[in-house]
Each structure stands twice: as structure tokens, then as C-alpha cells.
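Below is one structure, written out as C-alpha cells; the observations come after it.
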2 protein chains.
Amino acid sequence: MLTERKRQILRAIIDDYVVHAEPVGSNYLVNKYKLGVSSATVRNEMSELEELGYLEKPHTSAGRVPSDKGYRAYIDLLLDLKPVSQTDQDKIESFFNNHMTEITTLVRQSASALSEQTNFPSLVISPRYSDTSLEQIKLLMIEPGKALVVVVLSPGIVKDRMIRIPHEIKQEDLHLISKIIEEKLSGQKLDQITLITISAAAEDVPVPESLLNQVLFEAYVSIKQAENIELYIEGTHRLFNHPEFQELALAKSFLDTMHQEGIVAGYMSEWESMNAELELTETNNPEEIEQVERTRREQPYLKENPSYMVRIGQEITLKGLEECSFITAAYKITNKITGRIGVIGPRRMEYGKIISQINFINYTLDQQIMELASGYDRKEDINGKEKEEQA
Amino acid sequence: MLTERKRQILRAIIDDYVVHAEPVGSNYLVNKYKLGVSSATVRNEMSELEELGYLEKPHTSAGRVPSDKGYRAYIDLLLDLKPVSQTDQDKIESFFNNHMTEITTLVRQSASALSEQTNFPSLVISPRYSDTSLEQIKLLMIEPGKALVVVVLSPGIVKDRMIRIPHEIKQEDLHLISKIIEEKLSGQKLDQITLITISAAAEDVPVPESLLNQVLFEAYVSIKQAENIELYIEGTHRLFNHPEFQELALAKSFLDTMHQEGIVAGYMSEWESMNAELELTETNNPEEIEQVERTRREQPYLKENPSYMVRIGQEITLKGLEECSFITAAYKITNKITGRIGVIGPRRMEYGKIISQINFINYTLDQQIMELASGYDRKEDINGKEKEEQA
DNA sequence: TTTTGGCACTCTGGGTTAACGAGTGCTAAA
DNA sequence: TTTAGCACTCGTTAACCCAGAGTGCCAAAA
């Protein structure tokens, strides 16, 4: 039903529209893209494409614009992933250059890079840590009545939190408590740890129960807090560089939705769970498989099983974002623990370019995380390097 | 030169304009505010007020709008600080209700409250910690090759940071290192601590020098990082609720400036240093002193020496913010260590209301910080309270 | 000297009309 | 099946007018 010529025309329309943001007409199209047929023919084709639901008319005497379905077809059938230019690669890598030592910073930095590269707002969501296990828990006395809880999860994630404790608790008590509960709890999955487990673990600590309970409760809260999914949004102001958000009403509803903490996070994490199945459906077309094969050889950052996902317009079920597109990819902390990174913008996006950027950034991020996890020793003489680093 | 009647008219114009955002004319004014004179008289007065620079005309046949100088006079001479309504007080206090345990969360929460209350973007800037002193420094082994540095500053501020360390370094080494440098350095002002001081402090630690140096360097960086001034901006999307930002160009230049991390932070911290002198100049008028006296008795959160500061339009020397006003107040961590909290918005603001809100929030914040610093023991039975807390 | 009514003048904003141009859809011929 | 031709639609822009709001100034009144 989608003849080769129809595809060609659809591709040309989308390629043009995403750049110029204006409905494209038949005449313009044949001239610019040398289609080798007359505008009347193109008109007929366009009319059929419209009937099939791939195109829409803003009004009678305008050209056509892609519909959700049109974009969807473009992405599934016509997408041409451009390799990331060397300068872009350099720019992105420079974002990671100042040896960061925490995964969260690494991930946020990626989001910044992504937003800057694409000129759209970007977002990252942390993995669900509930089925990772607790590795360490330390209680550090800061001053009488105050302590720092440090929770270390198995993939090397560190979270900490200040707590209040009874003044009677001494440094040694804390040390003892954390040592004992760490011994008993380490290795357990986070979502199996409850207040009861902890209390049981600390049963025979020689500290008055009422005091002990306060500390245990705070420790418990700290562990639960470490499970929290975190959402981070970067560069919302870049939205205004795009004509569709000149209309204040749209921009406002967008920003309002994005600023309702829970909503986007909820949506994305729910999404993350459906992840696996959906990804598979993306590669069921011989043509596309061949293409994937080819790029895999040429650009390692375009991974074999493309981990990106695109949601267009009405496919997004969040109120206020019906006119937008999400493009996200999964980043790995371990093979089983993944978060998502992506951009959000108007449906009119240069999907090819942007997906390449995301893939590349995601690839770089994965590498950095791996490097971080494996750890390494710096070979250089620190004193010699010091001046450079401060400059 | 500003007769009583001129003041009255200026006040009426500003009061009206800040609410309705439309140039106000002579007829409207006499009707609405029952000035007891004819519109012709008001016209003459307005004309003179314009000559004096307090008013401006958008064009010949429009009414008048206040100029920067007009707003300035309003704030210095005519300001009427309204008490914060009980419902507002309750709303603000509810932002602080979930016993937060870290100053930074407290401060950010205040910014959220402020933005929500005023419907403008709010911002907070952390104090300069360079002349506070180091109280503790701990090195916590996370796994071979990775450690957590915890830096505690004298007013109870805690900052931490993951670092990489040589694999050869053992838990005990770390413990020893941190113990020794803490002993030697604690009590020193942050800006007096250098890499040299630290190296000297750790001179006789029995760890091979090349390994030790790496750790010391990272410790040093962590301390320096603790000095960093942090800026936090909240609620920028609220800008679009105000008519002056319907013009995309304005909104864009605003957002762009705000998102250039360094700029606003630099401006505000520079400002903070001029703080003391400027505040004094605000109270040199018998009338105002009397007013301050009165409100001090009635609302404790309107402090005796009002700590708020207002910068209007051209008074702000940041590019892109010439059409805006800053209102900020200093919050105290200790008597000597202060940060700033405030809002930024169009010049057309209800200064009276907003300043009251800031004062109140600032007052509440100060109280919370004090309470945090003093620490307290919870009297309640934790187990009894637990269910409520989770709900 | 100050205030006021009256009046001419200025400028904006809304509404109407007309011309224009881009693009379509249809028909009939190639 | 493709294409040239043409009528038709609709949005955009500019020109124009008019009403309304507000000013500035003058001369008379307080």
C-alpha cells in the first residue's frame, strides 16, 4: 500500500518540514527534490497519503504536514541514522572530561550535553533500585544529635542523608549499630528490608531500646529513600527556540506538566517496565535489519539492538504533551539495572540527527559508567598534574 | 519637591498599575481613588511627576506608567508592608513540616514556598563558606579504589564527595589519614587551607608518598569544593503567568540569562558583599523609622533592620534583566554567615505584598535553621509515631 | 495663585475591505 | 497513468476608517 514513490514523497515532506516548519506543497516539492514527475502527480499521491492518514492539511490552501502516523512510519521505515560528526563527538566527550566520580553527576552531565547538542529539553530518570541489594550502611557522627547515614548499594551507588539522633548516642554506639546492621543486612534486596528486619538485626546492640529505635527508624528511612527514582530535567528554556512554542498557551501547558514532579517520572518509569517487549517489535522488517547490520559495523555507538524508543504526539498519554515527542534510550548501570535518558520536544524534530546524538551520548555514558565501576589507578604523578587541573 | 498630593497620586498610580498592568489616566484615577480634585489638576500633577522622572508615557494618548525612579520612590517612601495573612502563614509553614535535616534542603524548600506564594521565580544563593572553618574531615572506604570524603564545616554544614583512590590504599590507611589531617587542620579557615598545608599535616602518615599524594589531592579538592557558592533557581515557569512576558523575546532573554550558571550567582554574591552599607541607607527618614517601629511591635517577622533589598530595572546591571526587579533578603546560618533568598520578576510587582512574603519566609527559615543547629531530642515514642510518618 | 471646565489634538486598537498568493482538486487531454 | 490547465479556497497583508481614551493647553472661576 505504501509504494516506493509514496515513501519517497513522505520522506521528502518530513525531511523538509522538520527543518522549515512550514506546510510543504506539491510544486515546491518537485522543484526542490527533483522528483522527476509533475506537481499534479505529486498532488495525487499526497492526496492518497492523506487518505491513508500519513499527512494532514492545516487548511485547504496550505501544503501538507506529517501526522502522528506519518512520523511513525518515517521512524519505522524511512529513518536514516546519520553518523555523529567528529566535532559533535568531540564536543560531547568534552562534557565528560573532568573525571567525575559519581554516577549521578555523570548522568546529569549527559543530560546537559544532550540538551545542548539537540537544542531541546532533556531528561534522565534513575533506575529503580528496589531490586538491587544493600552493600554497606555507615553511620557517621557529625555532632551530638546529628549523624550522616551513608548507604551503598551493590552496583556502587552511594546515597547519604543527614539525620537527627538522640544526644545520648555516642560515636561508639553509632559505630556499633552500623556495624551490626550492616553485617546482618548487607546482601539483602532493598525491597526486602523493612523496619522489622532492621530492628531484628540490631536486637542485641547494647543501647537502650528507645534511643536505638530512633536511630534504626532513621536508618530505615534512609534506605527507603535510596530506592527513590529520581527525575532530572535540563534545559527547558531551549523550548523557546522552536516556533511551535511561540504560542504561549502551548509552552505554558508544557512547562506546567513538566514541573509537576511526579507525573513525568511516573510515566517514564511505567514505560521503562514495558521496555523489553516493545524494543523487539521495532526490528521485524528485512530492510531495516540489513540497515542495522551495516551501521553496526560502521558506528559502534549505534548498537545492534537499538535501545532507543520514540513516542510521538498522541502516543504520549500525558495531558499537555499531546503535541510533543519523546525520544529516549536506556543507559546501563549494570546489565539489569537501567535508567533512561532522552529528550522531549515538538513532534517536528529531526529524528535521524537526534536519535544519533542520543545513541552516541548514551554510548559514551555507558562507557564512563563502566570505567567508573571498574575503577582505575591514575598513572600520572599527581603533583605534576595538579597545576593543569586547577587551571 | 514631592508634595503630599504628588506622593498620594504616585502611590495611587503605582498601586493601580501593579495590579492591572495598564497605563493609568487622570480621569480613571480621580474616580477610583476619590482624590477630591478634578482630573485637570491631576493631569497637571502627573505632568510634573513626569518632568521629575517618576512617571513615563508609553505614548501621547495613553495614561502614565511608573519609571524606575517612580518605583524606587515608592519603595523608599511610600511602601506599606501588609501583614501576611494567617492562611498564607499556615501555607508557608506547611512547607517546612516534614522535619528536614539538612540546611540545603531547608533553603531550597524555602525557595519553593516563596515561588509558589509570590507566583514569581525565586532564587537562593548559599553563603560564602571561605571564612568558616573546617570542623571534621572523614574518609570512608566504599570499595577498593573508591572513597567518600565527608567535610563538616563549623556551622554544621556537611558536604560530601566521591573520590577515586589508589587500590593499594586500605580502609585503615584512610582512617589514619583522615584522623591525622583532621587533627591538624580542624579549626582552620577554609581559605587558609592549601595543598601545602594538607601535605604538611599528613607528613608522617606511614603510607607511600605517591599513593598518599593522590588521596590528599582529592581531599583538598573536596574541601575547596565545599566553599563553592551554590545558586538554586525555582519556578521559572511562573514567569509566563505575567503579561510582560507574553513577548517571547523578553522571556527568552530572561531565561537565557538565568540559565547561564555563573552570571546570576556572580552578580548576587558580589551584591552580598555590599550588603551592609546599602542596608543602612534605607532608613534615614523619620517617617519611615516611625513606621518600622510600629510594624516591629506588631509582626516579629518584619525585622527591625529590614534585611530586604530591592533592585529595580536599570539598577540591575545584568544584560537581559533590564526590565526586571530583584527582591532579596539575607538568611542567617550564623550571625556572620548569610546567604540570600529572593524573587525575580517584572518591575511591575506588588512590592508591599511580596516583601512581606519574603520577610516572613526568611524569618521562618532563620527559625528552622536555628532549631536545626541547636538540635533537639524527640520526646515521642518513635514506634508510636511511625505509622503516621509513613502515611 | 491655584483649580477647573472645555476643547482640540494625538495615538492605539478593532473592524472592514480588497488584493494577493500559495496551494489544492478536478477535468480533459496526452 | 501522467500531466497541463484552470477554477476555487483560504490565509495573509496592507490600507483605511472610526471610536475611545487620554493628554495639553487656555481661559475663566475660586
Between B/Ser47 and A/Ser61, whichever has its closest DNA chain D nucleotide further toward 5' is A/Ser61
How is A/Ser39 classified with respect to the nucleic acid when contacts are heavy atoms under 4.0 Å: base, sugar-phosphate, or nothing?
nothing
Atom-to-atom span, CD of A/Glu51 to P of C/dT24 - whole angstrom:
15 Å
Distance check needed: C/dT24 C1' versus A/Glu45 CD, whole Å only.
16 Å
Heavy atoms from other residues, nucleotides or ligands near NZ of B/Lys69 exceed 12 (cutoff 6.0 Å):
yes
Report which part of the nucleic acid B/Asn44 touches: base, sugar-phosphate, or nothing (heavy-atom distance under 4.0 Å, all strands).
base
Counting only side-chain heavy atoms from C-beta out, which of C/dT12, D/dA4, D/dG11 sits nearest to A/Ser38?
D/dA4
How close or far is atom P of D/dG24 from atom NZ of B/Lys57, stated in whole angstroms?
4 Å
Would you say a side-chain N or O of B/Thr41 is under 4.0 Å from OP1 or OP2 of C/dT3?
no
Counting only side-chain N and O atoms of A/Arg5, is one of them less than 4.0 Å from OP1 or OP2 of D/dT1?
no
From CD of B/Glu56 over to P of D/dG22, roughly how many Å is that when rounded to an integer?
18 Å
Are any of the side-chain heavy atoms of A/Lys6 and A/Tyr54 separated by less than 4.5 Å?
no
Just N and O in the side chain of A/Thr60: are any of them under 4.0 Å from OP1 or OP2 of C/dG23?
no
Rounded to the nearest angstrom, tell me the gap between atom CD in A/Glu50 and atom P in C/dT24.
10 Å
Can you check whether any acceptor in the base of C/dG6 is under 3.5 Å from a donor in the side chain of B/Arg43, or vice versa?
yes
Assign each of A/Pro23 and A/Ala40 the nucleotide of DNA chain C bearing its closest heavy atom; nearer the 5' end lies the nucleotide of A/Pro23
Starting at atom OH of B/Tyr28, determine the distance to atom C1' of D/dT23, rounded to an integer number of angstrom.
18 Å
Go through it in stages, so that I can follow the logic: the residues are B/Phe240 and A/Phe240, the test is ring pair (Phe, Tyr, Trp, His ring centres under 6.0 Å), and I'd like the CA-CA distance, side-chain angles, deciding distance and then a yes or no.
CA-CA 12 Å; B/Phe240 296 99; A/Phe240 296 97; 5.0 Å; yes
Quick one, A/Leu35 and A/Gln8 - any side-chain contact, counting heavy atoms below 4.5 Å?
yes
Are A/Arg64 and A/Leu49 close enough that some pair of their side-chain heavy atoms sits under 4.5 Å apart?
no
Whole-Å distance between D/dT23 P and B/Ile9 CD1?
12 Å
D/dT3 C1' sits how many Å from A/Met46 CE, rounded?
17 Å
